[in-house]
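A quick write-up on the structure given underneath.
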Amino acid sequence: MKKTDRKLFDKNILGPALWQSVVKLKPNILWRNPVMFTTAVGAVLVTLDLFFLADRHEPLGFAAQIAAWLWFTVLFANFAEAMAEGRGKAQADTLRKSRQSVTAFRMGSRDELEQVPAESLRKDDLVVVVAGQTIPADGEVVEGAATVNESAITGESAPVIREAGGDRSAVTGGTSVLSDRLVIRVTADPGKGFMDRMIALIEGAKRQKTPNEIALSILLSALTLIFLLVVGTFHPLAKWVGIDVPVTILVSLLVCLIPTTIGGLLSAIGIAGIDRLTQRNVLATSGRAVEAAGDVDVLLLDKTGTITMGDRQAVDFHPAPGVDEADLTLAALLCSLPDQTPEGRSIVDLAARRGHAVPDSVLTGSVFHPFSAQTRMSGIDFPSGRNLRKGASAAVASFAGGSLSQAVAADVERISRAGGTPLVVADQSRVLGTVHLKDIVKAGLPERFKLFRAMGIRTVMITGDNPLTAAAIAQEAGVDGFLAEATPEDKLALIRKEQADGHMVAMTGDGTNDAPALAQADVGIAMNTGTQAAKEAGNMVDLDSNPGKLIDVVEVGKQMLLTRGSLTTFSVANDIAKYFAILPAIMVATFPQMRALDIMRLGSPHSAILSAVIFNALIIVALIPLALRGVEFRALTAGQLLRRNLLVYGLGGVVAPFIGIKSIDILLNLLKVV
Amino acid sequence: MEFHGWLQLALFSGLLLALTKPMGLWLRMVLDPSRTSWMDRFCLPMERATFRLLGIDAAKGMDWKGWVASVLLFNFSGLLFTFAVLLCQGWLPLNPQGFGGLSWHLALNTAVSFATNTNWQSYGGESTLSYFSQMVGLATHNFTSAATGIAVAAAVVRGLAEKGESVLGNFWTDLVRIHVRLLLPMAFLFALFLVSQGVIMNFHPYLSVTTLSGAIQNLPMGPAASQIAIKMLGTNGGGFFNVNAAHPFENPNVLSNLLQILSIFAIPAGLVWWMGDKFRNRAHGWTVWVVMFSLFLAGVLVSWHFEAQGNPRAIAQGIEAQGNWEGKETRFGIFGSALFATVTTDASCGAVNSMHDSFTPLGGLVPLVNMQLGEVVFGGVGAGLYGMIVFIVLGIFLAGLMVGRTPEYLGRKIQAFDVKMASVAILCQAFGTLVLTGVAASTSWGGAGVANQGPHGLSEILYAFTSAVANNGSAFGGLSANVPWYNTLLALGMLLGRLAVIVPVLALAGNFSRKVVSPPGPGTFPVHGPTFGVLLLFTVVVVGALTYFPALVLGPVLEHFLMTGSNLLF
């Protein structure tokens, strides 16, 4: 997983963002954010008041500072949004570049090869792909045969053979050739228009509010209206008891009370959420999808690549009768030393763990035969004439010039039945035994699934294996359930059933036959290597084609909702301290007894009001990093999370402004600015 | 804060706790038509006859719009009927004192007041209304407005609990069942008890008696007990006599006082239990109950504390010995008055047994705040519960995001429409209370009706509109409200306070009944237990505090600091 770690305040983003903060003062843009629009109207009122009011009650310097800080409040909120957008744009640019760096070898009209970006391939182009390369686009093999690793698509870890002609000629973009060479005719314009659309979304060009964001905006607007009522009626009520409250102070009170903190950061949180996904190389087609990811409570995880390593690993050696295990191990080790396939390396590792190691020098002069689709085995010929082979049982048996002994055949049978892959090893005509390759559950997954279970998220493993094998791996991985011998239809049916029970389902997929399920799932992540249909059907695309990222996606979704909730709670809780700063300040001139309510013991009425307004503006800037990075997500149950966040953001939101306003007030009085 | 006060508080709390579940079980027999019970034998024939007579298809469920239409139709026809009765009082029977018809604005105010379960009284009962007006014009509303509240709460709970188009039930069916099974028998029994304690029940003309000191006193008479019983049970609060439950013919002794207070909370507390039962989450119901009880306890302790402390300046000058006895009945004492004042405003009752205007500033702040919180401390019959549900939805929405999921209540996602409806309910309350108070405070007619200047005068206006919008009906006193402006604006406030909550909560329930239900799991927001309780408590207090704090600071809080820290007298 590539993760581009961008500095929070990148110079290249900062500059344009500062300018954008001013551009966003345009009323037709501000109007979309009722809280900030109200603040701006207040700022206009106070500014006009500054120039046109003849009989001023408060000193000009004070009123001017209030006006300035009110404008700063709006600018800070604009800045937060501009920063988030800037980061999105930078991310989109990086993406564009990275896509072009994928290269393909296109065959010219005179069979010469031309190196071109995969994006420039068009339908009916011919490309050549050799062992170790990635197939650049969906296509059809027109020449050659090769083993291809399609595990990301099929979920099957064993390589498959693709050859010209017949029904095994179709290859999928993003899969990799393990051996031999293929000539492929491109059958689809790769990523035509689709990727560009996705990138435009990340740039925030066509950002739509998500359902939860809309609901929260309604609440914020309602709060703003309530405080308009509160402040609007405060004037006549105060007049009744003999206090005439000037406009500047009424506006200050209003702006401090309306939820400017969350109002200013709300859109930045949404943009940053999509951005965080993009940094993990997952593109979401909408913010709605990211939000839905937070609500997911059933994860359908493909076995291969997500739960188990994509490749099989050697776990045991089974010597043939009469063969010493050490002989078998050593032979397997020798013929795997030059073998760079994951299976080969895992045999070397296993041998090393069992205390067998040989220096590379023993290979001097030997000839290595790599695995190929035709031979279905690999091996090594030493100058001494000793020839070692390992591979599919039938292939090795014929190499050894006969059939396998009953005991070896039984081992092969047993390993296959348990879902493993048997590799038979032979030294010339002597069959030494079998190497057991099997799926290995990725490290740390069972613990992670346990956390998910605690959070109320159920994991279901999807596999093409038979139920017995599936059950064994499911138990080892600690998933809550599995779907064995799964066809795409089964997957779709499972999703429908879970949804009918009120669950929200996330899944990954890549094949065309996954498309209906991807479309049906609440969060459908298509692999970038998958077919066009799959990508269109899902609502996210993982550029790294790593199905395991489903888990990250859920965390990002939760983080986005968490951040919104925490900052809203914080914002509302702040109001209590602001009341205690401003109300006594308004009343104390007429009623000195009201000093009893001034529990912060602020310097003067004017410094008290100014401190509250400054705190209100600065807290937006102070929280920009939190809004962009997101509140840290912890895998806890809902009850634990609620208690924790209520303490931090609820209680913290009550206490923080008391400290903040008091500190600013001390500073203002030291500097004698009011 | 004397010992027998604590004893009464403990007794009251114990009785309330003991009463909750039995009341809830009773309500279940009333509000779940699909459930059979022993009551069916007696009640079903009567109900079926009524349904046939009125042409009601009892089994046919309504959607939320149907509910709104029915509630409006029913209540507005009742309102017009009472308006007519009051205007034509002079020509109607059972009028031994020969009272004439009411002015249009007083008739309007009174009709709206009783139709909305407010029972604000711009009139004095014994000097304005005939027995016919009291019994036919007003007492009927004590039943129907209470039944409306309970029915709406039932519909809301059903909408939240179940999924389907017609789960809200049928308004007319509920109305009939609530009368037949709950209000009529309960009010009958309670009236009998009240008569046994000395509450009067007759149709005599007023009695002229010679007192011990030789003066001639005119003693008002009338059918009081039947009206008092339902006035408390239905959290109506409109007294038969002007001084309400302070009058010895309405509330003769400490026992009648305690049981009258208890009867205010009886149905609302039972409804909370029934809600938990209906949601198949009794722990949720009890958590809400505990939140309500905590708010009640806080209110009564604060009010009692400041009343027991009295006015330090009056004590210093030797006017008062100990505690604030002004405007209180000696037979109830300071605690009995503080308890009554707290409970009557926790619920939307509005009956009073002491003069709230004479409370100390902070002692009197408690009833004011109780009403401004939306009367959700057990609350009015039905109204308190659906008001609390608005807070639950808002609280869960605000804090629910903090568990990293779209906020859910009972497995249903809280979405834009739900937030909109909850916001409308809160916003309209704030609008009614603050704007109408602001208007009255800045106009000449507003100032003319007030007995006091300064912060106390402001409290009087604020209290009146708060009481109207919250559909409480208790008066601070000191305000001469029987003038066209006050009568009409208060009527407007009462209508707003009633409809602007009923319509949005019904819409909310209707919307909830259509939502997909996700099963509960460890990731589900917990709606029971201490965390949720604290969250709900803070939501109620913070929303209330943020909205009304400035107004309260200018009124009672300022008055308090002036009382303790200056020589000013208002």
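Numbered from 1 within each chain, the chains take letters A, B, ... in sequence-line order. Because the structure is a prediction, the values reported are computed rather than measured.
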| field | Nearest-0.5 Å distance that lies between atom CG in A:N212 and atom CZ in B:R405 | value | 13.0 Å
| Does any heavy atom of chain A fall under 4.5 Å from the side chain of B:F397, the backbone, both, or neither of them? | side chain
Atom pairs and distances, side-chain donor-acceptor, residues 578-586 of chain A, under 3.5 Å, sequence neighbours left out:
{"residue": "A:K578", "atom": "NZ", "partner": "A:C256", "partner atom": "O", "Å": "3.0"}
{"residue": "A:K578", "atom": "NZ", "partner": "A:N616", "partner atom": "OD1", "Å": "2.8"}
{"residue": "A:Y579", "atom": "OH", "partner": "B:L546", "partner atom": "O", "Å": "2.4"}

| Heavy-atom proximity to chain B below 4.5 Å, by part of A:V572 | both
| Residue B:A545 versus chain A: region with a heavy atom under 4.5 Å | backbone
| task | Kindly write out the residues that satisfy side chain to side chain donor-acceptor pair (under 3.5 Å) with A:T459, not counting sequence neighbours, or none if the list is empty. | result | A:D480
| request: Below 4.5 Å from any heavy atom of chain B, which atoms of A:L257 appear? Answer side chain, backbone, both or neither. | output: neither
| message | Please identify, among B:V553, B:L462, B:V543, B:V424, the residue contributing the most non-hydrogen atom pairs under 4.5 Å to chain A. | response | B:V553
| said: Need one label for B:V516: side chain, backbone, both or neither, based on atoms under 4.5 Å from any heavy atom in chain A. | reply: side chain
| query | Is it the side chain or the backbone of B:I461 that comes within 4.5 Å of chain A heavy atoms, both, or neither? | reply | side chain
| More than 12 heavy atoms from other groups under 6.0 Å of CZ on A:R288 | no
| query | How about B:T406 and A:D295: does a side-chain donor come under 3.5 Å of a side-chain acceptor? | reply | yes
| task | Indicate the atoms forming the closest heavy-atom contact of A:L237 with B:A441, along with that distance. | result | CD2-CB, 3.9 Å
| query | Tell me, side chain or backbone of B:V542 under 4.5 Å from chain A's heavy atoms, or both, or neither? | reply | side chain
| query | Does any heavy atom of chain A fall under 4.5 Å from the side chain of B:T437, the backbone, both, or neither of them? | reply | both
| task | Count the heavy-atom pairs under 4.5 Å between each of B:G447, B:G411, B:P530, B:A416 and chain A, then report the option with the highest count. | result | B:A416
| Closest non-hydrogen atom pair between B:P526 and A:G639, with its separation | CG-CA, 3.8 Å
| field | Whether over 12 other heavy atoms sit under 6.0 Å from A:K239 NZ | value | no
| query | Side-chain contact, heavy-atom cut-off 4.5 Å: B:V439 with A:P236? | reply | no
| task | List the steps and the verdict of side chain to side chain contact (heavy atoms under 4.5 Å, CB included) for A:L597 and B:F561. | result | CA-CA 9 Å; A:L597 267 194; B:F561 286 118; 4.0 Å; yes
| request: Find the distance between CG (B:L401) and OG1 (A:T568) and round it off to the nearest 0.5 Å. | output: 6.5 Å
| said: Working to the nearest 0.5 angstrom, can you tell me the gap between B:H560 NE2 and A:M594 CE? | reply: 10.0 Å
| task | Work out which heavy atom in B:T531 is nearest to a heavy atom in A:R643; give both atom names and the distance. | result | OG1-NH1, 2.9 Å
| Among B:G555, B:A551, B:G457, B:P407, residue most engaged with chain A (heavy-atom pairs, under 4.5 Å) | B:G457
| task | Decide if atom NZ of B:K515 counts as having more than 12 heavy atoms of other residues, nucleotides or ligands within a radius under 6.0 Å. | result | yes
| Tell me, which pairs form a ring pair (Phe, Tyr, Trp, His ring centres under 6.0 Å) where one or both residues lie in residues 400-433 of chain B, sequence neighbours left out? | B:H284-B:Y409
| task | Check the surroundings of atom CZ in B:F306: do more than 12 heavy atoms from other residues, nucleotides or ligands lie under 6.0 Å from it? | result | yes
| task | Name the member of A:A222, A:A293, A:S217, A:S566 that forms the most heavy-atom pairs with chain B at distances under 4.5 Å. | result | A:S566
| request: Please report the C-alpha distance between B:V450 and A:W240 in whole Å, then the side-chain angles of each, then the deciding distance to 0.1 Å, and finally whether the side chain to side chain contact (heavy atoms under 4.5 Å, CB included) criterion is met. | output: CA-CA 12 Å; B:V450 181; A:W240 173 278; 4.2 Å; yes
| said: As a quick check of understanding, evaluate side chain to side chain contact (heavy atoms under 4.5 Å, CB included) for B:V534 and A:L646, giving each step before the final call. | reply: CA-CA 10 Å; B:V534 170; A:L646 269 181; 5.7 Å; no
| said: Non-hydrogen contacts under 4.5 angstrom with chain B: give the residues of residues 223-233 of chain A involved, or none if there are none. | reply: A:L225, A:I226, A:F227, A:L229, A:V230, A:T233
| How many angstroms lie between CG in A:L219 and CD1 in B:I414, if you round to the nearest 0.5 Å? | 10.5 Å
| Side chain, backbone, both or neither of A:R453 within contact of chain B (heavy atoms, under 4.5 Å) | backbone
| field | Shortest non-hydrogen contact from A:Q593 toward B:L562 | value | OE1-CD2, 3.5 Å
| Between B:L554, B:V419, B:T564, which shows the greatest number of heavy-atom pairs under 4.5 Å with chain A? | B:L554
